[in-house]
2 protein chains.
Amino acid sequence: MATPQTGAGDPQRSLELLWREFGPQHSKPGPKPKLTVERIVEAAIAVADREGSCFGMRSVSAELGVGAMTIYRYVPGKRELIDLMVDRLSRIGSGAPDLGTLDWRDGLELVAEGTWEVYRDHPWLLEINQKRPVLGPDSLAGYDFVLAAFAAHDLPDKEINLATTAVMNIVTGTARQYLIRDSAEERPETAEEDWWRAQAPYLEHAVASGRYRHLGRFSDPEAWDLTGHDAMRYALDRFLDGLAPRMEASRRKPA
Amino acid sequence: MATPQTGAGDPQRSLELLWREFGPQHSKPGPKPKLTVERIVEAAIAVADREGSCFGMRSVSAELGVGAMTIYRYVPGKRELIDLMVDRLSRIGSGAPDLGTLDWRDGLELVAEGTWEVYRDHPWLLEINQKRPVLGPDSLAGYDFVLAAFAAHDLPDKEINLATTAVMNIVTGTARQYLIRDSAEERPETAEEDWWRAQAPYLEHAVASGRYRHLGRFSDPEAWDLTGHDAMRYALDRFLDGLAPRMEASRRKPA
DNA sequence: CTATTACTGGGTACAACGTACCCGATTGAA
DNA sequence: TTCAATCGGGTACGTTGTACCCAGTAATAG
């Protein structure tokens with residue numbers, strides 16, 4: 001029943017942890033730490049993949065085989081841990097080619113598909129309510145990666161920002177509608193059937209009442225038979241169609 | 001810390017409540033109910049507007065001036081209550097003109113703007129994790145309302161579905177990025193400043209390191225100065241630009 | 001070497017949450 | 001009038017995040 005909010009707690013603490021490898025590392029008294037922040041983040045992602053976004057801190061502790069409160073020695077709280085998990089999964093495009101070598105459209109499609117795959121593999125990401133995005137090394141690298149798609153053009157900075165934001169929000173918005181429902185569910189296919197079976201009588205009654213005129217004209221039963229990926233691609237493709245003239249007009253001339 | 005999930009609990013119960021006015025109403029023994037489902041949903045929305053999506057059932061009870069458990073006589077649980085709240089706020093376009101009298105593009109823009117306003121007034125809606133949408137009378141009416149925009153065209157049913165889904169997801173995706181952060185916050189403007197002040201040194205250090213080549217070229221400081229509404233309109237406008245040729249090609253000829 | 005001191009992991013405990021359950025009061029139907 | 005179903009309210013339980021305390025450990029100062 002619990003899904004967390006993040007980015008609101010203490011951004012300062014999250015930031016210190018996100019950029020921790022850039023800080024000083026002097027030796028200190030006391031026992032050697034048994035864990036590392038990396039291991040905790042990795043374990044938490046594994047638990048969230050299994051249990052969904054409502055994973056508990058006690059599950060993370062159990063996954064690591066330590067006491068319930070031990071991980072609090074490394075991470076100030078759950079919100080900050082989620083900030084770390086989100087940044088960790090923003091490592092898209094690390095294996096992909098440099099977008100500078102691709103056409104702008106192929107590049108943006110690659111970014112969208114890559115992001116879609118991250119959401120498909122970790123649907124609980126879509127249930128995280130980020131108040132403000134906490135920018136870590138990996139999310140910053142991801143953003144830098146996208147910007148390469150615009151390198152050969154002279155689009156104004158503001159419009160570059162608008163366009164990349166749009167692509168990300170199209171992917172995220174569609175993913176939220178289609179991918180959340182499969183997260184942490186025992187039998188997704190039967191759940192889908194049950195759901196339709198429950199709705200059907202009410203829908204038929206409603207349409208038969210004549211109060212919904214346009215819905216009744218929706219005859220093709222295959223109209224509803226579309227995947228989340230189809231929906232994402234349609235929105236993305238039309239958006240890129242609309243962006244194309246502006247990109248072509250701003251193509252940088254070779255000097 | 002708690003944001004609920006919905007659509008997963010018992011859809012059957014939610015549906016019975018959503019379509020309750022269409023069911024039989026026979027008199028039964030026992031005292032007259034003090035409350036109605038409508039009043040509870042209305043009160044819950046008021047509480048959520050004030051406290052955010054992490055509102056508690058006890059707050060709803062207090063808002064109505066009844067005992068903590070009383071509302072459970074009317075609503076089986078929190079998840080089902082949220083289903084009712086979501087459907088209640090799907091009453092868009094009730095005061096708007098019939099989309100059949102408008103151009104398709106004006107119609108879709110109207111729907112997008114109306115949805116945006118609902119999210120602006122009730123940002124907690126964006127934090128609700130709907131597993132599957134539970135279709136009630138109001139959300140069905142909203143969908144029927146959108147379909148009117150395609151009445152004068154011969155677009156295939158499947159593509160109508162794809163296009164409307166795309167518009168809704170563009171609005172929802174952008175709203176989620178920009179509107180959640182202001183939900184249930186004491187001082188949104190100072191929070192924004194604090195957040196940037198916390199990030200700035202890390203960002204500067206990162207950019208100065210040269211690891212993020214394209215980010216460094218982002219010179220115009222105004223590039224980041226955009227509102228959520230700007231971002232939504234840009235994504236929507238480019239999408240509609242891309243949809244336009246297909247809509248024009250499918251315009252129904254007068255017989 | 002010893003004493004100091006910071007830091008470790010583990011355990012207990014608390015407040016807030018959703019809600020199962022029980023109870024006395026109330027009211028329509030037989 | 002009697003019966004039974006339903007009402008509002010109160011108590012209590014399990015689960016959550018996490019504040020706090022404690023005993024053990026290891027680097028450093030003398």
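Everything numeric here is computed off the predicted structure, so don't read it as measured data.
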Main-chain N/O of [Y] paired to [X] side chain as donor or acceptor, under 3.5 Å:
| X | Y | value |
| --- | --- | --- |
| B:Asp144 | A:Leu215 | yes |
| B:Ser139 | B:Leu135 | no |
| A:Arg20 | A:Leu17 | yes |

How close or far is atom [atom2] of [N] from atom [atom1] of [X], stated in whole angstroms?
| X | N | atom1 | atom2 | value |
| --- | --- | --- | --- | --- |
| A:Lys78 | D:dA19 | NZ | C1' | 17 Å |
| B:Lys28 | C:dT26 | NZ | C1' | 15 Å |
| B:Arg73 | D:dG10 | CZ | P | 14 Å |

Which residue lies more 5' along DNA chain D, comparing A:Ser59 with A:Pro76 via nearest heavy atoms: A:Ser59
Per-helix bend value, the helix from C:dC1-D:dG30 to C:dA30-D:dT1, C1' rotation axes over five pairs per end, 10° rounding, shows 10°
By salt bridge (charged side-chain N to carboxylate O under 4.0 Å, His left out), which residues pair with B:Arg197, not counting sequence neighbours? B:Asp194
Going by an N to O cut-off under 4.0 Å, is there a salt bridge joining A:Arg88 and A:Glu38? no
Among B:Arg50, B:Arg58, B:Arg39, find the one that has a salt bridge (Lys or Arg N to Asp or Glu O under 4.0 Å) with B:Glu63. B:Arg50
Measure up the B:Phe218 and A:Tyr143 rings against each other and bin them: parallel (under 30°), tilted (30 to 60°), perpendicular (over 60°). perpendicular
Relative to the ring of B:Trp19, is the ring of A:Tyr202 parallel (under 30°), tilted (30 to 60°) or perpendicular (over 60°)? parallel
Positions of residues 62-72 of chain B (non-hydrogen atom under 4.0 Å from DNA chain D), listed by number: B:Val66, B:Gly67, B:Met69, B:Thr70
Taking all non-hydrogen atoms of both residues into account, name the closest pair between B:Leu18 and B:Asp83 and its distance. CD2-O, 4.4 Å
Nearest non-hydrogen partners of B:Gly56 and B:Glu51, listed with the distance: N-OE1, 4.1 Å
Residues in residues 32-40 of chain A with a heavy atom under 4.0 Å of DNA chain C, by number, are A:Pro33, A:Lys34, A:Leu35
Residue set satisfying ring pair (Phe, Tyr, Trp, His ring centres under 6.0 Å) with A:Tyr74, at least two apart, ordered chain then number -> none
Close N/O contacts between protein and nucleotides 13-15 of chain D (under 3.5 Å):
none

Going by heavy atoms in the side chains, are B:Ile170 and A:Asn169 under 4.5 Å from each other? no
Considering only heavy atoms from C-beta outward, does the side chain of A:Tyr178 approach that of A:Leu226 to under 4.5 Å? yes
